[in-house]
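Structure record follows, encoded as structure tokens.
Ligands are counted one by one from 1 in listed order, and the atoms in each one are counted from 1 as well.
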Amino acid sequence: MISADLPIDDIRRCSRDAAFMSEVAAFLESLDQSVASHTPVCTNRGACCKFESYGHDLFVTSVELAYFVGLTEGELIAPVDRSFCPYQQGGACVTRVQRPVGCRVYFCEERSQHWQGDLTESALGELAKIGDKFKLQYAYLEWTTALRKLAGRVVDGPITAPNGGPVTLSIDSLPKRS
Ligand code: SF4
């Protein structure tokens, strides 16, 4: 189920909770091992991170976002629009350790198509369990929209930075809910 609301306070709290971060890290390590067992090969050099030209979207849960925030040093990058991920730079992902589940499971090659659906479903179930355990409200939304919400920016319309590049803001700059 897609949910556009983002539980900012829960995300901030979990991103600073060592037990939460350790549990998500362990889950992602086991997910990576499952993916590796299929010996997939990436040949498109980040074309799938350019969502508009590639023709797909990336969706993430609040659990993945909290983990992403917890491991991101410095400011978060808000995408200028929905067309590409701002964390792909020079054809490479610069946030590999904390990248979302979809980035880990998706491979475009034909021989990788048969296992991705089941693994994604099972991963979403595990993420939901972790969210329940740490009382992190469920959210599931498009990645660039989530990044823009995390950076405290409006979702509608393009974001224009003074230099034309991505906007950087900290989650700590967001007002706390009363
Ligand atoms: S987080 Fe990394 S792998 Fe995922 S869309 Fe962005 S650049 Fe690509």
Quiz item: Quick one: are the ring centres of Y106 and H56 less than 6.0 Å apart?
Solution: yes
Quiz item: Counting each atom of ligand 1 from 1 as listed, which ones have a heavy atom of Y87 under 4.0 Å away?
Solution: 7 (S)
Exercise. Could you check atom 6 (Fe) of ligand 1 against the protein and tell me its nearest heavy-atom contact, residue, atom and distance included?
Key: C85 SG, 2.3 Å
Exercise. Over 60° means perpendicular and under 30° means parallel, so classify the ring planes of F68 and Y87, tilted if in between.
Key: perpendicular
Quiz item: Which residue and non-hydrogen atom of the protein lie closest to atom 2 (Fe) of ligand 1, and at what distance in Å?
Solution: C93 SG, 2.3 Å
Quiz item: Where is the tightest heavy-atom contact between F84 and K50, given as atom of each residue plus distance?
Solution: CB-CA, 4.0 Å
Quiz item: Hey, is there an N, O or S on C49 sitting under 2.8 Å from atom 8 (Fe) of ligand 1?
Solution: yes
Self-check item: Where Q98 and T72 come nearest, the two heavy atoms and their spacing
Solution: NE2-OG1, 3.5 Å
Quiz prompt | N, O or S from C103 under 2.8 Å to atom 4 (Fe) of ligand 1 | solution = yes
Self-check item: Residues, nucleotides or ligands: over 12 heavy atoms within 6.0 Å of E109 CD
Solution: yes
Quiz item: Without hydrogens or angle criteria, can the side chains of Q33 and S30 be said to hold a donor-acceptor pair below 3.5 Å?
Solution: no
Quiz item: Q88 heavy atoms, cut-off 4.0 Å: which ligand 1 atoms fall inside?
Solution: 7 (S)
Quiz item: What part of T95 sits under 4.0 Å from ligand 1 if we count only heavy atoms: the side chain, the backbone, both or neither?
Solution: side chain
